[in-house]
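Below: the structure, in structure tokens.
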Amino acid sequence: MDYESLLLQSLAQVIRQKRSEQNYSQESFADEVGVHRTYMGSIERGERNVTFRNLVRVAKGLGILTSALIEEAEIHLNKK
């Protein structure tokens, strides 16, 4: 698997973990950030190459900087 795919999977895991830590269901979080629940699910499974616009929405919904979200995904990936 190439680095971009691995990073996308890592990002998916970080998003899912942070959403869960904030006690959001996938559906309620999708509503909060303005995306469809099935789209949110595909992001969290790493099936979609999330657009920058939606990545910003997700980060904002999680209360963190977009750059911090990406950095966490990179750190998570490099720990594997």
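Hydrogens, waters and symmetry mates play no part in the numbers below; they use all other heavy atoms, side chains included. Remember, predicted model here, so these are calculated numbers, not experimental data.
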Would L77 and I43 show up in the same hydrophobic cluster when neighbours are defined by side-chain heavy atoms closer than 4.5 Å?
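Looking at the clustering, I43 is in a separate group from L77.
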Cluster overlap I15 with V35, hydrophobic side-chain contacts below 4.5 Å
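Yes: a chain of side-chain contacts under 4.5 Å links I15 to V35.
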Listing, residues 60-70 side-chain donor-acceptor contacts under 3.5 Å, not counting sequence neighbours, or none:
none

Around atom OH of Y3, are there more than 12 heavy atoms of other residues, nucleotides or ligands at under 6.0 Å?
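For Y3, atom OH is crowded (more than 12 foreign heavy atoms under 6.0 Å).
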Please check if the side chain of S20 supplies one atom and the backbone of R16 the other of a donor-acceptor pair under 3.5 Å.
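Side chain of S20 to backbone of R16, a donor-acceptor pair under 3.5 Å: yes, one is there.
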Backbone N/O of G34 and side chain of R57: donor-acceptor pair under 3.5 Å:
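Present.
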Pair Q17-Q13, side chain to side chain donor-acceptor pair (under 3.5 Å): steps then yes or no
CA-CA 6 Å; Q17 177 187 352; Q13 292 172 358; over 6 Å; no
Looking at every heavy atom in both [X] and [Y], which two are closest together, and how far apart are they?
| X | Y | value |
| --- | --- | --- |
| L55 | V50 | N-CG2, 3.8 Å |
| T51 | Y39 | N-OH, 3.8 Å |
| Y24 | R19 | O-NH1, 2.8 Å |
| T38 | R45 | O-NH2, 4.4 Å |
| G46 | A12 | N-CB, 3.5 Å |

Holding to salt bridge (Lys or Arg N to Asp or Glu O under 4.0 Å), I want the full list of residues that pass it with E74, two or more places apart in sequence or in another chain.
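Once residues adjacent in sequence are excluded, E74 has no partner under the salt bridge (Lys or Arg N to Asp or Glu O under 4.0 Å) criterion.
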E32: what forms a salt bridge (Lys or Arg N to Asp or Glu O under 4.0 Å) with it, not counting sequence neighbours?
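If we apply the salt bridge (Lys or Arg N to Asp or Glu O under 4.0 Å) test to E32, skipping adjacent residues, there are no hits.
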Given side chains that start at C-beta, do those of Q26 and R37 come closer than 4.5 Å, heavy atoms only?
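The answer is no, as the side chains (C-beta and beyond) never meet within the 4.5 Å cut-off.
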Would a 4.5 Å heavy-atom cut-off, applied to side chains only, mark M40 and V58 as touching?
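In contact.
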Distance check, rounded to the nearest 0.5 Å: L11 atom CG versus H76 atom NE2?
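Going from the CG atom of L11 to the NE2 atom of H76 covers 11.0 Å.
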Within this structure, what is the CD-CD distance for the pair Q9 and E4, rounded to the nearest 0.5 Å?
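Going from CD on Q9 over to CD on E4, the span is 13.0 Å.
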